[in-house]
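Note sheet for the following structure.
Numbered from 1 within each chain, the chains take letters A, B, ... in sequence-line order.
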There are 2 protein chains.
Amino acid sequence: MATMKDVAGMAGVSTTTVSRVINGGSASPAVTRRVMDAIDTLGYQVSASARSLKGKRSNIVGVMVVDVSNPSTTQTLHGITSVVHAHGMTVMLASTGGVPQEELASLEMFAGQHVSGIIYMGTQTREDVADALNRFPAPVVVGGQERGSLRWPIVVFDNYDAGYDIARELLGLGHRRLAFISAPLDDEHVGRFRLQGFLDALAHSGVTPPDHCVQYGDFSVEAGHAAMQRILDGSGPPPTAVAAASDTMAIGALRCLRDRGLRVPGDVSLVGFDDIPVAARLIPSLSSVALDERELGEMCAELLHRMTQREDTDVTRVVLGHRIILRESVTSVL
Amino acid sequence: MATMKDVAGMAGVSTTTVSRVINGGSASPAVTRRVMDAIDTLGYQVSASARSLKGKRSNIVGVMVVDVSNPSTTQTLHGITSVVHAHGMTVMLASTGGVPQEELASLEMFAGQHVSGIIYMGTQTREDVADALNRFPAPVVVGGQERGSLRWPIVVFDNYDAGYDIARELLGLGHRRLAFISAPLDDEHVGRFRLQGFLDALAHSGVTPPDHCVQYGDFSVEAGHAAMQRILDGSGPPPTAVAAASDTMAIGALRCLRDRGLRVPGDVSLVGFDDIPVAARLIPSLSSVALDERELGEMCAELLHRMTQREDTDVTRVVLGHRIILRESVTSVL
DNA sequence: TTGTAAGCGTTATCAG
DNA sequence: CTGATAACGCTTACAA
């Protein structure tokens, strides 16, 4: 790799001048030209390590996720990379599996790399990890979870609102016997809030579902199937509408309903969350509450960028909207 | 951030000694102990930039993908990160959208970061990008595509073999009227090879599908639907078995068949590629040729690691296997 | 076993 | 407008 010295030599100037040309300092047109030429012919490339060592600015954004292969994470990552690249910075990725030990290790690694900032997409943050994040020497943006004890700004979907809205929607279609397949309550991300919003909306309309009509599952298709089974096995008539906290669980529920000879939406209306790509392709096509995960990533990156530029440091919370997408799986009972 | 000098000061030794302790050089137990303590209490963290500047080794692996949000990419990325992290290295991610301009920019960025190596997962590599890769100062591993003009070792699935095998399988079940929904032929990744293997297997059994029974699509559900339509609109009786180069296109085909009143597998057997998670959940569940994308990532990372350690530099090609997963969508006609 | 000192490639400071 | 020089934090001969 050619160094700045090489460029300086070829252009007949000092390294200082080369540095100026590169970083937009003042230099005569003639010199600028010679330096540029030398850079081109030598294929010179600024050394990020040297620059970072000197200037403290690495132009690296550390991104910490639980699982790179999770579909929604994936969309978020897409949003992040596009914005980060647009700002001429680079993404350093850490996939931690949600293991606190790994999260701490990644933070140390980020610190060692002098990252310009971090986007943290953890879900259940252990206390010591939260401490480490709070102490981190560069700005951090928290994406997709409730804040907990983190002092950093956060970008979230309003899951409570989303749960509330879908309940209103179903009520508006005349449904009164409703069930909800929730995420585990200890999932800070979506567990408590979607369910709570859903139940509150029902309560405001004077509807109280029986206990067996609120079930829990771990997002898997199997869990959705099992939860639906428990709902149908409860006493009383089956619900006329079921909402699941994820499309994957809704798919499991769909399967269960079909196995039991119940038709969707003829007997039971069904709605999921996340609007995963296959939702529109199922038969019947699945209604869903869509959260724009990609936008989440973009907002996180944008916000972090502003923070690294020392603008807007007063933003403390960004709430993203959702869209209810009604498809064949939902019908009115009026 | 505490520096090495701080640690040295606190431990009452020179920075040289601290460096030795950290890098496993010889030091007396007493000193080692004091240094370790100082490191702990100061929360000292080696500066990656300084180390990289001095030693030329950044311990960063550059990973270049077309689209982070593509499901198979995502699995590969998972494999890569786990292995890279296991080796105490870090992943720097570049998502290029397949745009040559972006690919070149990412390579420059990687060069500037002095990455220890690159895993390149592009699909259609333009000549100048190939040149840049061939010239790259650190080792490169190419993942998931045929080599083209790249001089670096490559890790691939044998798509030809996979196409061949699934054809043999269908032939073995008695099918003689077969159709294939292929990826575009200019897709180096899977386009030509899956189709060619498929057709060759048929030829070896003396079967030649009519022209309209080979159609092309861009992997989308819609394209699969349209391709299936063209197949059914052709002259002669419909095929008894259809293979699609991706599960997504197979899903489109499934929908089309259903729209036309044809039953799967009663009238037509159907098989896809990739075994995406929903394949097993469709009704009927979809047969598929599974490629372990995660293993692809692991192998790439492992191979690259060996190359950076200067072992095994003679490996030039790693071929990964595939599994045929038969589910409800395929039946025998014997 | 331990320390001194030079240098990696860049930028900031201060002169000219 | 341009250049000499020091310094960023670390590793590595070379000495002691």
Side-chain angles (χ1 to χ4, degrees), chain A residues 1-36 38-39 42-60 88 90 108-116 137-138, chain B residues 1-36 38-39 42-60 88 90 108-116 137-138:
Chain A
M1 281 287 290
T3 145
M4 202 153 140
K5 215 165 168 178
D6 303 330
V7 175
M10 171 169 282
V13 295
S14 73
T15 58
T16 310
T17 301
V18 176
S19 177
R20 279 206 196 87
V21 170
I22 291 174
N23 300 296
S26 50
S28 77
V31 169
T32 304
R33 178 68 195 282
R34 288 212 313 275
V35 171
M36 289 304 217
I39 288 178
L42 289 169
Y44 167 75
Q45 179 63 29
V46 194
S47 159
S49 15
R51 178 176 275 176
S52 148
L53 177 57
K54 187 88 238 288
K56 299 308 204 191
R57 264 185 244 132
S58 65
N59 274 11
I60 297 176
T90 65
E108 286 190 0
M109 178 198 93
F110 286 155
Q113 298 283 352
H114 300 292
V115 295
S116 304
Chain B
M1 282 286 291
T3 148
M4 202 155 144
K5 214 163 166 181
D6 302 332
V7 175
M10 171 171 283
V13 296
S14 73
T15 59
T16 310
T17 301
V18 176
S19 177
R20 280 207 194 87
V21 170
I22 291 173
N23 301 296
S26 51
S28 77
V31 168
T32 303
R33 177 69 195 280
R34 289 212 312 275
V35 171
M36 290 302 218
I39 288 178
L42 289 168
Y44 167 75
Q45 180 61 29
V46 192
S47 159
S49 19
R51 175 177 277 175
S52 145
L53 179 57
K54 186 86 238 284
K56 300 305 201 192
R57 265 184 244 134
S58 65
N59 274 11
I60 297 176
T90 65
E108 286 190 359
M109 177 198 95
F110 285 155
Q113 297 283 353
H114 300 289
V115 295
S116 303

When you compare the side chain of V13(A) with that of V18(A), does any pair of heavy atoms fall below 4.5 Å?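 In contact.
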Under 4.0 Å from OP1 or OP2 of [N]: is there any side-chain N or O of [X] that close?
| X | N | answer |
| --- | --- | --- |
| S28(A) | dT2(D) | yes |
| S19(B) | dC10(D) | no |
| T3(A) | dT10(C) | yes |
| T15(B) | dG3(C) | no |

Nearest to side-chain heavy atoms of [X], which nucleotide of [options]:
| X | options | answer |
| --- | --- | --- |
| S47(B) | dT2(D), dT2(C), dC10(D) | dC10(D) |
| K54(B) | dT2(D), dT13(C), dG7(C) | dG7(C) |
| L53(B) | dC8(C), dT10(C), dT2(C) | dC8(C) |
| V46(A) | dT2(D), dT10(C), dC10(D) | dT10(C) |
| S14(B) | dG9(C), dC1(D), dG3(C) | dG3(C) |

Nearest-0.5 Å distance, [atom1] of residue [X] to [atom2] of residue [Y]:
| X | Y | atom1 | atom2 | value |
| --- | --- | --- | --- | --- |
| M10(B) | I39(B) | CE | CD1 | 11.5 Å |
| Y44(A) | T3(A) | OH | OG1 | 6.5 Å |
| R51(B) | H114(B) | CZ | NE2 | 15.5 Å |

Atom [atom1] of [X] and atom [atom2] of [N]: how far apart are they, to the nearest Å?
| X | N | atom1 | atom2 | result |
| --- | --- | --- | --- | --- |
| I22(B) | dC10(D) | CD1 | C1' | 9 Å |
| Q45(B) | dG9(D) | CD | C1' | 13 Å |
| N23(A) | dA12(C) | CG | C1' | 11 Å |
| D6(A) | dT10(C) | CG | P | 9 Å |
| M4(B) | dT12(D) | CE | C1' | 11 Å |
| R51(B) | dT10(C) | CZ | P | 21 Å |
| H114(B) | dC8(C) | NE2 | P | 13 Å |
| I39(B) | dG9(D) | CD1 | C1' | 14 Å |

Start at the 5' end of DNA chain C and walk down; is the nucleotide closest to G12(B) or to R20(A) reached first?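 Its nucleotide being nearer the 5' end, the pick is G12(B).
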DNA chain C: 5'-proximal contact among T16(B) and A50(A) (nearest heavy atom):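 It is T16(B) whose nearest nucleotide is closer to the 5' end.
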Determine the contact category for V18(B): base if any of its heavy atoms lies under 4.0 Å from a base atom, sugar-phosphate if only primed atoms, P, OP1 or OP2 are that close, otherwise nothing.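 No contact.
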Do S58(B) and S52(B) have side-chain N/O donor and acceptor atoms under 3.5 Å apart?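 No, because no side-chain N or O of S58(B) sits under 3.5 Å from a partner of the opposite role on S52(B).
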